[in-house]
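Data first, discussion second: the structure below is written as structure tokens.
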Amino acid sequence: MRQATIHRKTQETTIDVELNLDGAGRYTIATGIAFLDHMIEQVARHGLFDLDLKATGDLHVDAHHTVEDAGITLGQALARAVGDKRGVRRYGHAYVPLDEALSRVVIDLSGRPGLEMQVEFTRARIGEFDADLIREFFQGFVNHAQATVHIDNLKGRNAHHQAETIFKAFGRALRIAVELDPRAADAVPSTKGSL
């Protein structure tokens, strides 16, 4: 089983993650930030990952550290669970609509961190959540998963819909990228021989 358990503790946050890449989309998410919980739930459900993520953070300051560190820790868990990437598809992409909103996410488990995010949220806040923090979540993820991720919101008027399509597409694209390819069971998907 491709699984990982990560414990991350700083002076700002304490985060525990258990990730099973070959799961069924079961999850328990508790970050203290309801909107973030809802978004990470989308990743687990649409990625078919079993995911437990519990975070406590300095929410009396603001949500920034908790959101960023949740991305960091999820990235660390993915990197550990996928291992040397032998037999994975490596690339994944997904388009996801939600009513008027449409987003595309493309992932390369390249071994190189990179985030290209073209998203103009129609509101600065989604309820109480600062929409700018979505970039911080994904930046933390790519830095520690060592992945290249392109995120484009192609349409949208409702900021909640924009965000939800991003996280759903991310889960679906990640599911494809980590999927084991039966035609390449013992191969690393790179002409270099490693990722």
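Both backbone and side-chain heavy atoms feed into the values below; hydrogens, waters and symmetry mates do not.
- Salt bridge annotation for Asp181-Arg183: absent, with no cationic side-chain nitrogen under 4.0 angstrom from a carboxylate oxygen.
- Using a distance-only test at 3.5 Å, with no hydrogens or angles considered, a donor-acceptor pair links the side chain of Gln162 to the main chain of Glu120.
- In this structure, Leu21 CG and Leu48 CG are separated by 11.5 Å, a value rounded to the nearest 0.5 Å.
- With hydrophobic clusters built from ILVMFWY side chains whose heavy atoms lie under 4.5 angstrom apart, Val105 does not share a cluster with Leu98.
- Using modelled atom types and a 3.5 Å distance limit, the side chains of Asn143 and Gln139 yield a donor-acceptor pair.
- Relative orientation of the Phe129 and Phe35 rings is tilted, given thresholds of 30° and 60° on the angle between their planes.
- Salt bridge absent: Asp16 and Lys54 never bring a charged side-chain N and a carboxylate O closer than 4.0 Å.
- In this structure, Phe170 and Phe138 have perpendicular ring planes: the angle between them is above 60°, well past the 30° mark.
- Of the charged side-chain nitrogens involved, at least one lies within less than 4.0 Å of a carboxylate oxygen, so that Glu164 and Lys168 count as a salt-bridged pair.
- Side-chain atoms of Arg112 never come within 3.5 Å of backbone atoms of Ala147 as a donor-acceptor pair (strictly under, hydrogens ignored).
- Between the side chain of Thr14 and the backbone N or O of Thr56, no donor-acceptor pair lies under 3.5 Å.
- Judged by distance alone, with hydrogens and angles left aside, the side-chain atoms of Asp50 form a donor-acceptor pair with the main-chain N or O of Gly25 at under 3.5 Å.
- Under the 4.5 Å side-chain contact rule for hydrophobic residues, Ile176 and Phe49 do not share a cluster.
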